[in-house]
Each structure stands twice: as structure tokens, then as C-alpha cells.
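Quick note: numbers below take in every heavy atom, side chains included, and nothing from hydrogens, waters or symmetry partners. Just so it is clear: chains get the letters A, B, ... in the order the sequence lines come, proteins before strands, and each one is counted from 1. Here the structure is a predicted model, which means the values were calculated and not measured.
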Amino acid sequence: MIQALFFYLFAAVTIASAVMVISSRNPVHSVLFLILAFVNAAGLFMLAGAEFLALLLIVVYVGAVAVLFLFVVMMLDVDFVELRQGFMQYLPIGVLVGLIFLAELLMVAGAWVFAPEATATASAPIPDPAQVSNTLALGQVLYTRYVYFFQVAGLVLLVAMIGAITLTLRHRAAVRRQNISVQVARTRATAIEVKHVEPGRGL
Amino acid sequence: MTALPDFALAGPELLLAVGALLLLLLGAYGGERRAGLVSDLSALLLLVAAVAVIVGRDGTTFDGAFVVDGFGRFLKVLVLIGSALAVVMTRRFAVAEKFFHFELPVLIVLATIGMLLMVSAGDLIAVYLGLELQSLALYVVAAFHRDDGRSTEAGLKYFVLGALSSGMLLYGASLIYGFTGHVDFAGIAAAASAGGKASLGLTFGIVFVAAGIAFKVSAVPFHMWTPDVYEGAPTPVTAFFAAAPKIAAMALFVRVAMEALEPVKAEWQQIVAFMSLASMILGAFAAIGQRNIKRLMAYSSIGHMGFALVGLAAGSEAGVYGILIYLATYLAMTAGAFAVILSMRRDGVMTEDIDSLAGLSRTNPLVAYLLGIIMFSLAGIPPFAGFFGKYFVFAAAINAGLYWLAVIGILSSVVGAYYYLRIVKIMFLDEPKGAFEPMGGELKAVLGISGLFVAAFALVLGPLGDAALAAARTLF
């Protein structure tokens, strides 16, 4: 009973804040509503018994990604009002395309016979939560069974990082950088020049 | 407690991955002075990995996601040779055009790892990850000459279209998973053969996966990016694109079709036959009007992939054998042709105009003769290498009863001969326009070896054919 109550609470707040993310005028408010949506989604995960995912969502998404988002939104001077111009103008055709897609999907899905035996033969079935804790189950899948995919995904990210750096990093000669070894290696002889100024003559 | 899977089977890939990381460190800490060293070591690393592939053992690991067999070994060696040649041919050109940085050879090595994973894939997730590792590195390499607008445009265009094709592939893979309950090829094959006939959802999945892979092999109607990317990317990068990634994508196509989807052959056979037909015809006709030699090579590669797909459409052991021979000859011909294209430099300026080859037979007869041989071979004229590749795929198509495909293929290869022979005519019959600057030593070596291989292919066909036959047999 109380579980169902909380489910509807979390679900309603998630949907409402998701709507606010795309409809609020101020981009900072959008990001804050996004955080609210994340926290409520974490609550839903918690209700489903996936406590590891729930905490991960809060730590990673709210703690890191959303804060980064907030920084970007505050740093960049994006004129969202201008971006949204023409939204109403294109709305009718957008709705039309959406309706056509919906109709096609319904027709296709209506004609299809799903493969019920497919779920029975799944290659990595969900283990019984009573036997295995969340973290252990995820670890077994991620680091043991799918260790190969995990490592290759790491390589893909490495390539993305190298690519981003090579394509955008420019060394400008005019920019002065701190060179600690040069600073430390300075001696009194190289740093100080003693001028003998005779009294009364000036430089 | 589950035991860790057998990592040793993936030895060559691990070697390349660790090597790439070390080279990255060497480049990052050594600075631009070490770029040449990184390049040389990358080529060496790729060749060492080729040796490791040859001496490695067969087997399957990571729950069937990674397969090492004769088929994969044959194509991995081709891919590694193609990548090593690309690294060797890149350096001088990139230094002259002032875009040589140590990341370039490292990215080629990382792309090669992706290709090896594609060749070894035994699982839809492995297919996607290998493809993405390869493609992501290729997008960056295409845009590597970032001060050149055309290179940046090529990289962006390739990225957008490549991302679209990856999306299609993933969508198809998810449908196949949903309707068979498996991501590994053996499981998919078992589930697909259980029903007797492919379900509608599985057929949809096959269509999307075929479209996604066709993008990577640049088969018509998913070829549109090829001429623009080939023209815009720096020439050594184009040389790389034309050989190794094509071989890897073709290997992936054969593996997905033959291992996972063998029981529903009727569903993909007609798709492959259509793509093959359309690629052959478009490759033959669209190249006729080209004046830029890189665009010409792009259409030529579309046509050649069409010819190789004839072997897949046949769907038999002979067909796979034909593909393997075809890809080996294609690698040699492409490397030789691009060695000449990379040396088309006059008065310090690169030229990509076909007419600037005029009179090469008088200014540099040896290069002209070797390029002439390669052009004859690309056209498929006996006794050169290209003829044998075409012969085997067409023979397989006829044995499989695909007469119309073989007839149209032969006709389009006759049409295609026109533009290859026109290059020979320009080199030998037109008035010279002045000599090119002398060729670099490594380009001479690549051109010489590939020219000899192409000319004397009938002599190496024995041992190469045996290896290819053994490789093709592992799939059946």
C-alpha cells in the first residue's frame, strides 16, 4: 500500500519535472528540474530493489553530470528565447510527422507476433535478488562475463578523448604557461641583477 | 564464483592495445620530436601483431564473443598489412603538408584494433563495439588535417553519416536480439533455424543490420559518403580508408551472414545480391566522368566492393573463397595505386588531377609501367591479380545459380575497364606535362612490391589459394 503510494508520488513528480525541463523559460531552472527528475527516478529504482543503481544515479548524475550541466548553462550565453523562435511555426508539421509515425508504429506492432520463447532463452538472465546483492550481480556481469566489452568500451572512450584533444587543442605561442621546473631551477644569479647606482646621478 | 575468461586468445589485440597506450605515452611526453619514432614503432607493432596472429591458436573465448579461426586469421593478416602500409606511407606526406603529429599513427593502430575485433566478432555486442572503435578513430583521422577545410568537412560528413549507420545497425541488432533472445551468433543461428522460417521481426533486424554494415563497406545505396570523404580526407588517410577498413567490414558482413544468419539465408541473400548489383553498376558508370583521381578511386572501391559481395550473395564456400582472394588482390592493388597518387607532387604542390599523369611513361617509365599493370589488374584483365579475384567470385555465383548477377557483373567490369584504361592512355600516349618530384623510398618499395605481386599473382596463387581455401572452410 505505502509502496504503491510512493511509486505514484515519485512517478508523478518525475514526469512533472521532466515536462518542466523542456518548458521552463530559464535554462537554469531547466537544469534544476532535471536534477529533481533524477532524484525521483532514483526513488523509483529504490522501490524496484535496485539500490545500487539508485545511489549511482544520485552520485554520478546529480553529483557530477547535472552540476557540470549547470556550469555549462551558466557559462555559455545561450539565448534560449531566440532558439525557441519558430517553435510554434514548425509545431503543426512536427505534430503531423509524429502522428504518422505513431500510426505506422501501431500498424506494425499490431501485425507483429512477438517471440515469447525469446525471454526464456536470454543469455544473461536476471539473478534472484534474494540470493545475490545488486552490486555483486552488476559486478559479475560487468567485470567477469562482459569484461571484454567493458575493456573495448574503455578503448572507445580513449579514442574519443584522443580525438577531441587532437582536433581542438592549439598551442598558442602568446599564452604564458607556468613552468615549475624552470621556476625552481632559478638561482640568485639568474634572478637578480645588482645595479650599482652612484649617489645623486639617477639611472 | 566464475572464472575469468581466456585472455590469451586475444593476444594480438592485447599487444596492439598495450602498444598503442605506450606509444601514446611516448608521444605525449616526448613531444613532436618523437612523432617520427612513434610512426616507425606503430608500423613495427602492426607487423609484430601480424606475426602473433599467424602463430596464435584457434578457439573461442569471452562466452563466444571472440572467435579466432582460420577465416579471421587470414583477414586479420590482410588488415594488419594494410594498416602498416598506411602508417608507412603517411609520414612523408603528412610532414610535407604540415599535419604530422604523433596521434596520427596511434589512431591508426587503435582503428586497427577495432578492425581486428570486427573480424573476430562472435556476438552482436562485439560487432558494435569493434565497429565503433574503428569508426571513431577513422572519423578523427579523416579530419586530422584540421587547418584544411576539406579535411574537416570530410571528417564531419563521415561522422554524421557513420553515426546514422551505427544507429541503424544497433536498431537491427536489438530487433534480432528481441526475436531470438540471443546476442551470440551460435544462439541466434539456433533460434533462427528452430522456427524454420524467419519471423517478421528477425527479417526487419536483418535488413537494418545489413544496411548498417553496407554503410561501412560503402555498398550502393549506402555509398554517398565515399567520394566526398575520399576526396576531402588527406591522401594517405584515403589510402588507409580504401584498404583496411573495407576488408574488416567485409569480414564482418561475411561472419554475421554466414555464422549468425545462415539458417535464414533466403532473407539476406536477395538484399546482398541487390547491393552487389547496384554497387557494380554505379562503380562502373559514375567513375567515368571523374577528373579527380581520389574520387575515381572512391567509385572504383564502390565497384570492387560490389564484386566482392557477389561472393557473399553466392553464400557458399566457393563464394567465401572468392571474397578472400578478392580482398587480398584488392589490398595489393589499392596500396600500389595510392603509392603513385601520394607521389603526384610537382613544384612542391600536390595534384589530384588525373590529367597531370600525362606522359608519365616518358618522365618516369618504371612507375608508369607498374601503375599500368595495377590499372590493368583493377580492370580485371588477365593474367594480373584482379582477374583471379573476379574469376573466383563469378564462378561461385554461377555455381550458386545466380547467372544474371554474374552476367551483369562481367558487363559492368567491361564498362569499368574504360576508365582504368583511360589512365593508361593518359600516361603512355599524352604529351608530358613535366616530371613529378622524385618518389620517397618507402613509396617506391610499396609500389614495387604491390606491382610485382599483382603482375606475378599467378605464381603466388598456389600457396595463397591454399590458405584462403583453408580459411573459407572454417566457416562451413
Side-chain angles (χ1 to χ4, degrees), chain A residues 101 104-127 131-133 135-173 177 179 181, chain B residues 1-5 7 10 13-14 17 20-21 24 28 61-66 101-104 106-107 110-111 113-114 117 123 125-126 128-130 132-137 139-141 143-144 146 152 155 159 177-184 187 190-191 194-195 199-202 204:
Chain A
F101 268 121
E104 283 181 343
L105 274 177
L106 285 178
M107 277 192 271
V108 169
W112 259 352
V113 181
F114 283 91
E117 72 278 6
T119 45
T121 57
S123 49
I126 303 166
Q131 310 259 315
V132 181
S133 79
T135 322
L136 183 68
L138 276 175
Q140 263 173 0
V141 171
L142 201 55
Y143 301 116
T144 308
R145 187 181 163 84
Y146 292 147
V147 62
Y148 166 48
F149 304 141
F150 187 73
Q151 294 295 333
V152 178
L155 273 183
V156 172
L157 290 178
L158 175 73
V159 169
M161 195 176 82
I162 299 174
I165 292 173
T166 35
L167 293 182
T168 55
L169 181 68
R170 283 170 200 277
H171 291 288
R172 291 196 192 82
R177 288 167 190 280
N179 190 338
S181 58
Chain B
M1 198 61 224
T2 22
L4 269 184
F7 278 82
E13 287 78 7
L14 285 174
L21 294 178
L24 200 59
T61 182
F62 303 119
D63 287 303
F66 190 88
H101 304 289
F102 73 90
E103 289 97 341
L104 187 54
V106 173
L107 280 169
L110 286 165
I113 300 173
L117 299 181
D123 183 311
I125 307 176
Y128 174 70
L129 283 172
E132 207 56 11
L133 180 58
Q134 178 235 29
S135 309
L136 207 57
Y139 306 146
V140 180
V141 171
F144 205 83
R146 60 185 193 185
T152 315
F159 173 66
Y177 172 58
F179 281 86
T180 59
H182 287 275
V183 283
D184 59 312
S199 64
L200 188 59
L202 183 59
F204 256 78

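- Proximity to chain A (any heavy atom under 4.5 Å) is shown, for B/L202, by neither the backbone nor the side chain.
- Heavy atoms of A/L167 lying under 4.5 Å from chain B belong to its backbone as well as its side chain.
- Here the shortest heavy-atom pairing between B/P5 and A/V147 reads CG-CG1, 3.8 Å.
- Going from atom CD1 of A/I162 over to atom CG of B/L104 covers 11.5 Å, rounded to the nearest 0.5 Å.
- To the nearest 0.5 Å, the span separating CG on A/L155 from CD on B/E13 amounts to 11.0 Å.
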Please evaluate residues B/L117 and A/Y148 with respect to the criterion side chain to side chain contact (heavy atoms under 4.5 Å, CB included), reporting the C-alpha separation (whole Å), side-chain torsions for both, the decisive distance (0.1 Å), and the verdict.
CA-CA 10 Å; B/L117 299 181; A/Y148 166 48; 3.4 Å; yes
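- In this structure, the portions of B/L129 lying under 4.5 Å from any heavy atom of chain A include both its backbone and its side chain.
- Residue contact with chain B, scored on non-hydrogen atoms closer than 4.5 Å, is absent for A/L157.
- Within the 4.5 angstrom heavy-atom criterion, atoms from both the backbone and the side chain of B/L136 approach chain A.
- Neither the backbone nor the side chain of B/Y139 comes within less than 4.5 Å of any heavy atom of chain A.
- One finds the OH atom of A/Y146 at 7.0 Å from the CG atom of B/D123 (value rounded to the nearest 0.5 Å).
- Interface remark: B/A143 contributes backbone and side-chain atoms alike to the contact with chain A (heavy atom separation under 4.5 Å).
- A side-chain donor-acceptor contact under 3.5 Å links B/R146 to the backbone of A/T166.
- Annotation: the span from A/Q151 atom CD to B/L14 atom CG amounts to 9.0 Å, rounded to 0.5 Å.
- The minimum heavy-atom distance linking B/A126 with A/F149 is given by the pair N-CE2, 3.6 Å.
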